[in-house]
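In each ligand, atom 1 is the first atom listed, and ligand 1 is the first ligand listed.
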Amino acid sequence: MTRLINDWIKDISDSIGTYEDDLISKTGMGYLELASATGNISKTDMNKFVDDLKIAVIPVTTGLGVIGRFSQAVFSILEHMGFNVFITKNTDVDGIYEANLHEADILFMADDDRFIAINLKENIVADNSIATAAGFVTAAEGYYGNLAGKEVLIAGYGNVGSVILKELKKRCAIPFVYEINKEKYNKIIDDGGIPIEDKGSIVDFDLIIDATNAGSWIEPGMLKDDVIIVSPGVPVSLDKDAYKIYGERMLHDYLPIGVATMAGMVCK
Ligand code: 2YJ
């Protein structure tokens, strides 16, 4: 799993409104609507959760340690959604203790391997990889339209790509998977996907959901001119020149959609 770096997330706190404007212009949904749609929560219930639930973000020092702006970025996304949220002064177990003292209902925390939200009162846990995959498929549906019967290309079949495939199957889409590791092909087929080996076939797809972590591997000419790319993959897969051509047609972020969806998943 790719560890986030400060450079990727440092602008989120200041730019979350701009990120949301981009999301709304492409999908017709803001973060709250996206979280409700993914979690199948009514608008009334979602508004009640936002009013009632208190969230603590706990910095975690284990492994490679705290990422400068990570907790602040998570805080800003949740605050922007309207939640009552705070960052604990203490880290790790002491932070959990502090969150509980302040009667937090939900905790957000990440080490180097896993990023989770826990609803302490309802005993519900959301994992960021699963939430990110689910949130980006909801966003893809908003951006592209109904996915039933549509051929969709998933790029990369790791933790996120495999959840994307499940979400696409739920929507009766036809999922193809571009994956360079052929050892994964049997699993892709068992899971109901169609593996693709040839990079040259990527240009045939109208909608690509990119869950790769290689960065800068998409070059000009590799995609349809009017492609839609929805990309939870980090770092960004478009190289500099490809970004100039397709960047406008790509929905990508390093945290907000995943965090918003995690919140929806633990709201009860
Ligand atoms: O609290 C902190 O500042 C750090 N312990 C945050 C660590 C962030 N963790 C990661 O970047 C992991 N790779 C999990 C991220 C999941 C993104 N899908």
Side-chain angles (χ1 to χ4, degrees), residues 1-13 16 19 23 31 34-35 38-39 55-79 85-100 102 104 106-118 125-140 154-167 209-215 229-237 250-266:
M1 171 173 296
T2 310
R3 189 174 192 266
L4 294 167
I5 58 173
N6 210 36
D7 249 13
W8 296 342
I9 57 176
K10 65 177 193 294
D11 74 322
I12 291 176
S13 296
I16 188 65
Y19 276 95
L23 178 69
Y31 293 118
L34 187 83
T38 310
I55 303 182
V57 182
I58 301 162
V60 172
T61 65
T62 188
L64 294 173
V66 162
I67 299 173
R69 302 286 293 175
F70 180 77
S71 294
Q72 185 62 42
V74 175
F75 167 89
S76 301
I77 297 158
L78 295 166
E79 187 192 44
V85 53
F86 66 103
I87 303 175
T88 58
K89 291 191 182 62
N90 298 300
T91 62
D92 307 298
V93 175
D94 210 12
I96 297 175
Y97 187 77
E98 180 187 333
N100 194 49
H102 289 91
I106 294 169
L107 313 181
F108 274 71
M109 53 193 175
D111 65 12
D112 297 335
D113 297 317
R114 205 170 284 278
F115 175 22
I116 58 169
I118 307 177
V125 179
D127 169 80
N128 175 261
S129 295
I130 295 173
T132 300
F136 270 90
V137 173
T138 304
I154 304 168
Y157 206 64
N159 289 342
V160 175
S162 57
V163 181
I164 290 170
L165 190 142
K166 281 193 194 108
E167 292 291 327
I209 308 188
D210 166 37
T212 60
N213 299 119
I229 320 163
V230 172
S231 179
V234 299
V236 176
S237 297
M250 177 175 70
L251 178 69
H252 174 266
D253 74 40
Y254 284 98
L255 268 180
I257 289 178
V259 167
T261 311
M262 287 165 85
M265 285 178 164
V266 293

Inset, instruction - Give yes or no for whether the N/O distance cutoff of 3.5 Å, strictly under, is met between Thr132 and ligand 1. - result: no
Legend entry - Sub-3.5 Å N/O-N/O distance, Asp111 and ligand 1: yes
Inset, instruction - Please could you name the atoms of ligand 1 that Arg3 approaches to less than 4.0 Å, counting only its heavy atoms? - result: 11 (O), 13 (N)
Inset, instruction - May I ask you to decide whether Arg114 forms a salt bridge with Asp111, counting only side-chain N to carboxylate O separations under 4.0 Å? - result: no
Inset, instruction - Check each atom of ligand 1 against the heavy atoms of Thr2 and keep those under 4.0 Å away; list them by number with element. - result: 13 (N)
Legend entry - Any N or O of Ala110 closer than 3.5 Å to N or O of ligand 1: yes
Legend entry - Polar atom proximity, Phe70 to ligand 1 (N or O, under 3.5 Å): no
Legend entry - Interatomic spacing from CZ in Phe75 to CZ in Phe86 - rounded to 0.5 Å: 10.5 Å
Inset, instruction - State which residues pass ring-ring contact (aromatic ring centres under 6.0 Å, His included) with Tyr19; sequence neighbours excluded, sorted by chain then number. - result: none
Inset, instruction - Could you tell me whether ligand 1 has any atom less than 4.0 Å away from a heavy atom of Gly63? - result: no
Legend entry - Contact (N/O only, under 3.5 Å) between Phe115 and ligand 1: no
Legend entry - Nitrogen or oxygen atoms of Ser71 and ligand 1 under 3.5 Å apart: no
Using distance only, find each side-chain donor-acceptor pair of residues 251-265 under 3.5 Å and give its atom names and separation, not counting sequence neighbours.
residue: His252; atom: NE2; partner: Gly233; partner atom: O; Å: 3.0
residue: Asp253; atom: OD1; partner: Leu255; partner atom: N; Å: 3.1
residue: Asp253; atom: OD2; partner: Ile257; partner atom: N; Å: 3.0
residue: Thr261; atom: OG1; partner: Ile257; partner atom: O; Å: 2.7

Inset, instruction - Would you give the length of the straight line joining atom CG of Leu64 to atom CG of Asp112, rounded to the nearest 0.5 angstrom? - result: 4.5 Å
Legend entry - Proximity to ligand 1 by part of Asn128, non-hydrogen separation under 4.0 Å: side chain
Legend entry - Contact (N/O only, under 3.5 Å) between Pro59 and ligand 1: no
